[in-house]
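As a basis for the values below, the full set of heavy atoms in this structure was taken, side chains included, without hydrogen atoms, waters or symmetry mates. A, B, ... follow the sequence lines: proteins, then strands. Residue 1 opens every chain.
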4 protein chains.
Amino acid sequence: MLHEQALQTAGATPALAPPPNFTGRWRNQMNSFMDLAITGSSVTGLYNSASSSGGAPVQGVINGVTIGDLIAFTVLWLPSGSITSWTGQLVEEGGVQTIRTLWHLVTNIPDDNEDDKFWMSTWAGADEFVR
Amino acid sequence: MLHEQALQTAGATPALAPPPNFTGRWRNQMNSFMDLAITGSSVTGLYNSASSSGGAPVQGVINGVTIGDLIAFTVLWLPSGSITSWTGQLVEEGGVQTIRTLWHLVTNIPDDNEDDKFWMSTWAGADEFVR
Amino acid sequence: MLHEQALQTAGATPALAPPPNFTGRWRNQMNSFMDLAITGSSVTGLYNSASSSGGAPVQGVINGVTIGDLIAFTVLWLPSGSITSWTGQLVEEGGVQTIRTLWHLVTNIPDDNEDDKFWMSTWAGADEFVR
Amino acid sequence: MLHEQALQTAGATPALAPPPNFTGRWRNQMNSFMDLAITGSSVTGLYNSASSSGGAPVQGVINGVTIGDLIAFTVLWLPSGSITSWTGQLVEEGGVQTIRTLWHLVTNIPDDNEDDKFWMSTWAGADEFVR
């Protein structure tokens, strides 16, 4: 019953105290930055992307959750109508607080093209944010 | 300037009308189900996972965004303290409305173990939800 | 020492006997198909994609590894010069042998654009293959 | 016909000359390292992981493909019987040649547990390799 152990492991993730303070400005490797505010487990804020579908910087509203070192948040990009989800956790890299994330960015595939072009719907990547 | 075109493509994702109605109950391939409510671009609801770290079903609050066919949402799992982010879009599969998603599930790596065990922090997978 | 357990779990993945026979033709949800040949842990074959960057079907050589229920393989797409990696395992879905995979497809970002467009380099998705 | 453009884009990825030389030793952020040898589009080598399911370093044979700046490769981990697939490309980060990759690591889910525990089959992450 091997994976039972892993299930138990995930289940036993310890009380995460003291939680880190995610509040404030974070910047990624592309010079995008975001301003986070935390209320309980709720994450809100504004994301300023250094690169967008139109080439210019673009802003989007942040909406997410956090517990302990973990954080996940989405940004809805307008007017393009795409969504990015970041999922990750705070780590110390050489003494620097860093939010390591993986992300998915989904864009609309027109209904008529879903059969043969859905494979182009989602980009994936990794972002690291530091203060 | 090849990827400029792709940037334009993402930027030109069309007005998505009429948007699908995500409201209601959706079930995935594992018999997990979720009840979604939509207010503007905001997604709320309750996720009932058929499998959890403790083996038993577990519920979590849904928090996300939607535009047109696209949807992304997170669930914070208590008491384990992990987070799942789903990112995807509604498609028709053989006439059946289906939300195809990719997801990341992040679990805490204790600080002392971050250097050599961070690689175990995140599970990935795909879920399909139907009504 | 929670994640130690998960480490042990991964380490203790049991002898996988008898291994499934991946040899032969497999088809995914897009009607792409692939012909696999297995020699020891080595996977070779030909992938026939129903959709390509040019719109027409395209073939690519398969190169990968397998152990037990697990399989991973890459296809180098010519002339576009992109690469897809599938990673997954054989499961039974309603009595049907199914290879469930996640994939990444990487395309080149010209050097001059790496700083601001690298985020567009990689697509992600899920494929299921049945005989 | 929006995504047609993106399809064209992917299709038109330019001749990538001169290709980088992936040959030699590369090290990631965990102090894992790998020695790559390139023959045409074929990648072979040895991967020395700083962390393994048993806690100790572990080696595995590299098997992959490359074209231009792009590279993808798999390692079959013995005796645990898991597989990692890396997919990425060479970029310059502050003048340093860096292979940025996303990876999937698949572990076996025993057949009896596939229904409710398949979601634990695959870890995901990002690695950066420098010389």
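Atom CG of B:Leu70 and atom OG1 of A:Thr107 lie 7.0 Å apart (nearest 0.5 Å).
Here the closest non-hydrogen pair linking B:Ala72 and A:Ile83 is CB-CG2, 3.5 Å.
Looking at B:Gln89, its side chain never comes within 3.5 Å of a backbone N or O of A:Ser121 through a donor-acceptor pair.
Between A:His104 and B:Trp103, every side-chain heavy-atom pair lies at or beyond the 4.5 Å cut-off. Proximity of B:Asp69 to A:Asp111: side-chain heavy atoms (C-beta onward) are separated by under 4.5 Å at one or more points.
In this structure, chain A has no heavy atom under 4.5 Å from any part of B:Ser42. In this structure, chain A has a heavy atom under 4.5 Å from the backbone of B:Trp86, while its side chain stays farther away. Within the 4.5 angstrom heavy-atom criterion, only backbone atoms of A:Thr66 (N, CA, C, O) approach chain B.
Ranked by non-hydrogen atom pairs under 4.5 Å with chain A, the options B:Glu93, B:Arg100, B:Glu92 are led by B:Arg100. Heavy-atom pairs under 4.5 Å with chain B peak, among A:Asn63, A:Leu90, A:Leu76, at A:Asn63. Options B:Leu78, B:Thr122, B:Thr74 differ in how many heavy-atom pairs under 4.5 Å they form with chain A, and the most are formed by B:Thr74.
Side chains of B:Ser85 and A:Ser85: no donor on one and acceptor on the other come within 3.5 Å.
Under the side chain to side chain contact (heavy atoms under 4.5 Å, CB included) rule, B:Val106 has a single partner from A:Leu102, A:Ile71, A:Thr87, A:Thr101, which is A:Thr87.
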